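The shown structure was predicted, so the numbers you read here are calculated from the model rather than taken from an experiment. In what follows, residues are counted from 1 in the order of the sequence shown.
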Amino acid sequence: MRNRSAITTFIILGLTDDPQLQILVFIFLFITYMLSIIGNLTIIFLILVDSHLKTAMYLFLQNFSFLEISFTRACVPPYLHIISTGNRTITIKACFSQIFFIVLFGATEFFLLAVMSYDRYVAICKPLHYVTIVNSRVCRILILCCWVSGLLIILPPLGLSLHLEFCDFVIDHFVCDPLPLLKNSCSDTRFIEQLVRVCAVLTFIMTLMCVVLSYIYIIKTILRLPSVQQRKKAFSTCSSHMIVVSIFYGSCIFMYIKPSSKGEVAINKAVSLLTTSVAPLLNPFIYTLRNKQVKQSFKDILKRSAFFSKK
């Protein structure tokens, strides 16, 4: 029998107990975190100041960069604080707050990636009607729907979890994660666990279907184009999004669809580390290095800055 005494704090085990490895993890996370923040803030700033980047595609990208900043901000700094101070305790309220923001930002990213794939579908398959179909009003509505969908996904299981009684206090992760948290409860959590899985699977399947269907039509349209140059140009407009989608969905598939459960916790923590640190770092480079308009905007900003600094 587990002790039913009132528990007000949890212990986050983190990635490792080895002091030397902790130093390496801290340096790695700190560098990737700072670079990802700088990279995503740069994209947000460029889209704000450049009038050529006011189309729906870049407004979606701007929101995606904001979500990347928010998601990594909810995961990485708290763990950096744990490593630097050695204090692994976290209050129940802080733990639930972290789960809320991590799931909200993560789920919203899934929905936004689906919307961005629809945007690419309209741009390539219906180019003459693109401005009419994905106008600024529609763009704002779609972004709002992504946020509302992310919120609706987290509220039911989180609302039920707030009333749980906890007996154990160890969370075998580097962040507060729903399933390790539920394992600490004395209450019957089977329904909540199933609800969490259903919400996660629905989000994953629904958004993946939208992405796959969009790219089936995109690829069909590209293959019908008469010249190689036209096909290359059409493919280049969606290649960045395809890479990001592959990283995003690929990491989730790797985490949750495995033939064996051996070492499941260690694998999940390792992949979670990559999705919270490396992916937000790569995305700005993927979009800037493969997008001529963003690169040109960045060069123009640098030229203006150099011009004003000489005055």
State, with a plain yes or no, whether a side-chain heavy atom of F105 is found less than 4.5 Å away from one of I69. no
How many angstroms lie between atom CG of L182 and atom OG1 of T189, to the nearest 0.5 angstrom? 5.0 Å
For the residue pair F28 and S277, establish whether any side-chain heavy-atom pair is separated by less than 4.5 Å. yes
Check the pair I83 / V25 against side chain to side chain contact (heavy atoms under 4.5 Å, CB included), numbers first and verdict last. CA-CA 9 Å; I83 296 175; V25 169; 4.0 Å; yes
Excluding sequence neighbours, so at least two apart, what forms salt bridge (Lys or Arg N to Asp or Glu O under 4.0 Å) with R190? D188
For I153 versus C199, what's the shortest heavy-atom pair and its separation? O-SG, 3.8 Å
Under the rule for ring-ring contact (aromatic ring centres under 6.0 Å, His included), what residues qualify as partners of Y217, not counting sequence neighbours? Y121
Relative to the ring of F110, is the ring of F204 parallel (under 30°), tilted (30 to 60°) or perpendicular (over 60°)? perpendicular
Can you tell which of D168, L164, I92, I171 makes a side chain to side chain contact (heavy atoms under 4.5 Å, CB included) with L181? I171
Treating Ile, Leu, Val, Met, Phe, Trp and Tyr as nodes and any side-chain heavy-atom pair under 4.5 angstrom as an edge, say whether V148 and L67 lie in one connected cluster. no
To the nearest 0.5 Å, what is the distance between CE on M242 and CD1 on I247? 12.5 Å
Quick one, S214 and R120 - any side-chain contact, counting heavy atoms below 4.5 Å? no
Sole candidate of F166, F96, F169 that passes ring-ring contact (aromatic ring centres under 6.0 Å, His included) when paired with F10: F166
Is there a donor-acceptor pair under 3.5 Å between the side chain of Q98 and the backbone N or O of V175? no
Go through T108 and S149 one step at a time and tell me if the side chain to side chain contact (heavy atoms under 4.5 Å, CB included) criterion holds. CA-CA 7 Å; T108 304; S149 299; over 6 Å; no
Contact summary for T89 and N87, nearest pair of heavy atoms: OG1-OD1, 2.6 Å
Nearest 0.5 angstrom please: I192 CD1 to S187 OG, how far? 7.5 Å
Exam field: side chain E165 to backbone S185, donor-acceptor pair closer than 3.5 Å: no
is_close_aromatic(Y79, F174), centroid dist under 6.0 Å: yes
With sequence neighbours left out, which residue pairs that include part of residues 198-207 fulfil the side-chain hydrogen bond (donor to acceptor under 3.5 Å, both in side chains) condition? T207-Y249
Between D172 (side chain) and P180 (backbone), is there a donor-acceptor pair under 3.5 Å? no
Considering all heavy atoms, the nearest L273-L29 contact: CD1-CD2, 3.3 Å
Cluster membership besides I141, Ile/Leu/Val/Met/Phe/Trp/Tyr side chains within less than 4.5 angstrom, sorted by chain and number, is none
Could you check if a side-chain atom of V76 sits within less than 4.5 angstrom of a side-chain atom of F30, using non-hydrogen atoms only? no
Any side-chain heavy atom of Y118 within less than 4.5 Å of one from C210? no
Please determine whether residues V196 and L152 belong to a single hydrophobic cluster, defined as Ile, Leu, Val, Met, Phe, Trp and Tyr linked transitively by side-chain heavy-atom distances below 4.5 Å. no
Only counting residues at least two apart or in another chain, list the ones meeting side-chain hydrogen bond (donor to acceptor under 3.5 Å, both in side chains) with Y215. H241
Would I219 end up clustered with I243 when hydrophobic side chains under 4.5 Å apart are linked, directly or stepwise? no
Once rounded to the nearest 0.5 Å, what's the spacing between atom CG of L151 and atom SG of C146? 13.0 Å
In one Ile/Leu/Val/Met/Phe/Trp/Tyr side-chain cluster, 4.5 Å: V278, F248: yes
Partner set under side chain to side chain contact (heavy atoms under 4.5 Å, CB included) for S136, not counting sequence neighbours: R140
For the OG atom of S70 and the CD1 atom of I102, what is their distance to the nearest 0.5 Å? 12.0 Å
Backbone of E68 reached by a side-chain donor or acceptor of T72 within 3.5 Å: no
Scan residues 76-102 for pairs that pass salt bridge (Lys or Arg N to Asp or Glu O under 4.0 Å), counting only residues two or more places apart or in two chains. D17-R88
Who passes side chain to side chain contact (heavy atoms under 4.5 Å, CB included) against V198, sequence neighbours left out? L202
Hey, does I133 have a side-chain heavy atom less than 4.5 Å from the side chain of V138? no
Could you work out, with salt bridge (Lys or Arg N to Asp or Glu O under 4.0 Å) as the rule, every residue matching R197, not counting sequence neighbours? E193
Is it the case that the side chain of N63 and the backbone of L59 share a donor-acceptor pair, with hydrogens and angles ignored and the cut-off at 3.5 Å? yes
Between N135 (side chain) and V131 (backbone), is there a donor-acceptor pair under 3.5 Å? no
Quick check: F101 with F71 (ring centres under 6.0 Å apart)? no
OH-CZ distance between Y58 and F64, expressed to the nearest 0.5 angstrom: 15.5 Å
According to side chain to side chain contact (heavy atoms under 4.5 Å, CB included), who are the partners of L35, at least two apart in sequence or on a separate chain? I31, L281
Summary of side-chain hydrogen bond (donor to acceptor under 3.5 Å, both in side chains) pairs that have at least one residue in residues 123-133, sequence neighbours excluded: D119-Y130
Would you call I205 and M209 a side-chain contact if the rule is heavy atoms closer than 4.5 Å? yes
Go through the structure and list residues passing salt bridge (Lys or Arg N to Asp or Glu O under 4.0 Å) with D18, not counting sequence neighbours. none
Does the pair C176 and I12 meet the rule for a side chain to side chain contact (heavy atoms under 4.5 Å, CB included), with working shown? CA-CA 7 Å; C176 281; I12 304 290; 3.9 Å; yes
Tell me whether V245 is reachable from V201 by hopping between hydrophobic residues (I, L, V, M, F, W, Y) whose side-chain heavy atoms are closer than 4.5 Å. yes
Minimal non-hydrogen separation, L274 against P280, with atom names: O-CD, 4.4 Å
Chi angles and distances behind the side chain to side chain contact (heavy atoms under 4.5 Å, CB included) call for Q62, L48: CA-CA 9 Å; Q62 188 180 50; L48 276 175; 3.3 Å; yes
Has the side chain of R231 got a donor or acceptor atom that lies under 3.5 Å from a matching backbone atom of I222? no
